[in-house]
Engineer: 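Here it is, the structure in full.
Counting starts at 1 for both ligands and their atoms, following the listed order.
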Amino acid sequence: MFDLTGRVAVVTGASSGIGVQFAKALAGQGADLVLLARRKEKLEGVADEIRAAGTKVLTVQGDVTNLDDIDAAVKATIDEYGKVDILVNNAGTGGEDLAQNITDEQWDREMELNIKATFRVSRAFGKEMMKNKYGRIINIASIYGLVGSTTGGIAYHASKGAVVNFTRALAAEWAPFGITVNAIAPGFFTSELTSHIIETEPFKEMVKAQCPIGCSGTEGELNPALIYLASDEASYSTGTIIPVDGGLTAI
Ligand code: NAP
């Protein structure tokens with residue numbers, strides 16, 4: 001089960017954090033990869049590491065908020081592999097601004113990347129998936145797309161909430177094309193985006209008190225959900241949101 005040999009998987013935001021883990025996990029199941037992000041050097045470092053284990057990896061330097069870059073990524077993918085089977089919409093950002101303080105510019109920045117780019121990248125690669133009547137789209141939402149918090153991040157919550165219901169709506173629209181659309185809602189995982197918060201003692205204390213499992217997630221703990229949703233075997237799952245959060249949203 002969960003063999004991805006022969007599948008072509010695109011991962012956005014694969015130059016750091018969770019996206020790197022996802023890329024390695026998909027490669028581990030046999031998929032050929034397309035890695036997309038803005039920082040070329042970082043992307044190449046990740047790609048070299050994965051290639052060393054024998055996987056085919058295409059890197060595409062690009063900004064997912066830029067339509068030309070998205071089109072170029074689709075073209076590069078089709079030129080290289082002739083198809084796309086799996087898309088992981090992982091590129092994202094977060095802010096901690098409170099509603100009364102956030103600027104319009106910051107609000108737009110988070111919306112542009114977290115939801116609008118997720119839509120545009122899905123639209124572009126989805127058209128290719130439709131040609132083969134097969135696709136697996138996995139959006140990376142957040143527990144903050146499911147619940148609020150007292151610590152700020154209004155645009156992050158709004159944009160990730162949008163990712164959650166975008167996932168459901170797209171799943172309904174694209175089921176007739178053989179494309180499943182699901183989301184993972186991670187809890188807390190250390191990355192460039194989060195380490196300045198997650199690794200502080202007050203935050204660890206908060207997690208210990210509020211999270212049933214009592215700690216943040218560790219490397220690899222998101223991968224089983226991803227691999228399941230990316231697999232042929234997940235053919236009857238679409239429009240689902242899988243929290244991987246140590247039980248945070250269960251209480
Ligand atoms: P991260 O280490 O900061 O990774 C973000 C990735 O997105 C980087 O590879 C970055 O690469 C890429 N990216 C940012 N803007 C981009 C753009 N305009 N175009 C293309 N790529 C772009 O953060 P992370 O924690 O791994 O986050 C990954 C995803 O998981 C995000 O959607 C985040 O909201 C979600 N998430 C994370 C957590 C957590 O605890 N870490 C929890 C819930 C959800 P470049 O800078 O090279 O472009």
Engineer: Short question: side chain of Thr65, backbone of Glu112 - any donor-acceptor pair under 3.5 Å?
Structural biologist: no
Engineer: To which protein heavy atom is atom 18 (N) of ligand 1 closest, and what is the distance rounded to 0.1 Å?
Structural biologist: Asp63 OD1, 2.7 Å
Engineer: Quick check on Glu219: does its CD atom have over 12 non-hydrogen neighbours (other residues, nucleotides or ligands) under 6.0 Å away?
Structural biologist: no
Engineer: Against heavy atoms of Gly17, which atoms of ligand 1 measure under 4.0 Å?
Structural biologist: 2 (O), 26 (O)
Engineer: Closer than 4.0 angstrom, basic N to acidic O: yes or no for Arg51 and Glu44?
Structural biologist: yes
Engineer: For Ala141, state whether at least one heavy atom is located under 4.0 Å from any atom of ligand 1.
Structural biologist: yes
Engineer: Using a strict threshold of under 4.0 Å (side-chain N to carboxylate O), is an ion pair present between Lys56 and Asp32?
Structural biologist: no
Engineer: Is Asn90 in polar range of ligand 1, meaning some N or O pair under 3.5 Å apart?
Structural biologist: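 Checking ligand 1 against Asn90, an N or O pair does fall under 3.5 Å apart.
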Engineer: Test your reading of the model: is there a side-chain donor-acceptor pair from Gln21 to the backbone of Gly220, 3.5 Å cut-off?
Structural biologist: yes
Engineer: Ligand 1 versus Ala14, non-hydrogen atoms closer than 4.0 Å: side chain, backbone, both, neither?
Structural biologist: backbone
Engineer: Provide the number and element of each atom of ligand 1 under 4.0 Å from a heavy atom of Phe188.
Structural biologist: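 Heavy-atom distances to Phe188 below 4.0 Å select 40 (O).
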Engineer: State whether the shortest distance between N or O atoms of Thr93 and N or O atoms of ligand 1 falls below 3.5 angstrom.
Structural biologist: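 N/O-N/O distance under 3.5 Å: no.
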Engineer: Within the structure, is a non-hydrogen atom of Tyr156 found at a distance of less than 4.0 Å from ligand 1?
Structural biologist: yes
Engineer: Would you say Ala185 contacts ligand 1, with heavy atoms under 4.0 Å as the rule?
Structural biologist: no
Engineer: If we only consider heavy atoms of Ala117, is any one of them less than 4.0 Å away from an atom in ligand 1?
Structural biologist: no
Engineer: Under 3.5 Å, N or O to N or O, is Ile198 touching ligand 1 that way?
Structural biologist: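 There is no such contact.
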Engineer: Can you tell me if Asn89 uses its side chain to pair, donor with acceptor, with the backbone of Thr12 under 3.5 Å?
Structural biologist: no
Engineer: Tell me whether the count of non-hydrogen atoms from other residues, nucleotides or ligands lying under 6.0 Å of CD1 in Ile213 goes above 12.
Structural biologist: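 Check fails, neighbour count at 12 or below.
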Engineer: Which ligand 1 atoms are under 4.0 Å away from a heavy-atom of Ile140?
Structural biologist: 30 (O), 35 (C)
Engineer: Quick test: of every protein heavy atom, which one is nearest to atom 2 (O) of ligand 1, and how far off is it to 0.1 Å?
Structural biologist: Ser16 OG, 2.9 Å
Engineer: Please could you name the atoms of ligand 1 that Thr194 approaches to less than 4.0 Å, counting only its heavy atoms?
Structural biologist: 39 (C), 40 (O), 41 (N)
Engineer: Are Gln106 and Thr103 close enough that a side-chain donor and a side-chain acceptor fall under 3.5 Å?
Structural biologist: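 No, no side-chain donor-acceptor contact under 3.5 Å.
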Engineer: If the threshold is 4.0 Å, N to carboxylate O, is there a salt bridge linking Asp69 and Arg38?
Structural biologist: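 Answer for the salt bridge query: no.
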Engineer: N/O of Phe189 under 3.5 Å from N/O of ligand 1, yes or no?
Structural biologist: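 Right, the criterion is met.
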Engineer: Spell out, as yes or no, whether a donor-acceptor pair under 3.5 Å connects the side chain of Arg136 to the backbone of Asp85.
Structural biologist: no
Engineer: Would one find an N or O of Thr190, backbone or side chain, under 3.5 Å from an N or O of ligand 1?
Structural biologist: no
Engineer: Give the residue, atom name and distance (to 0.1 Å) of the protein heavy atom nearest atom 25 (O) of ligand 1.
Structural biologist: Ser191 OG, 2.5 Å
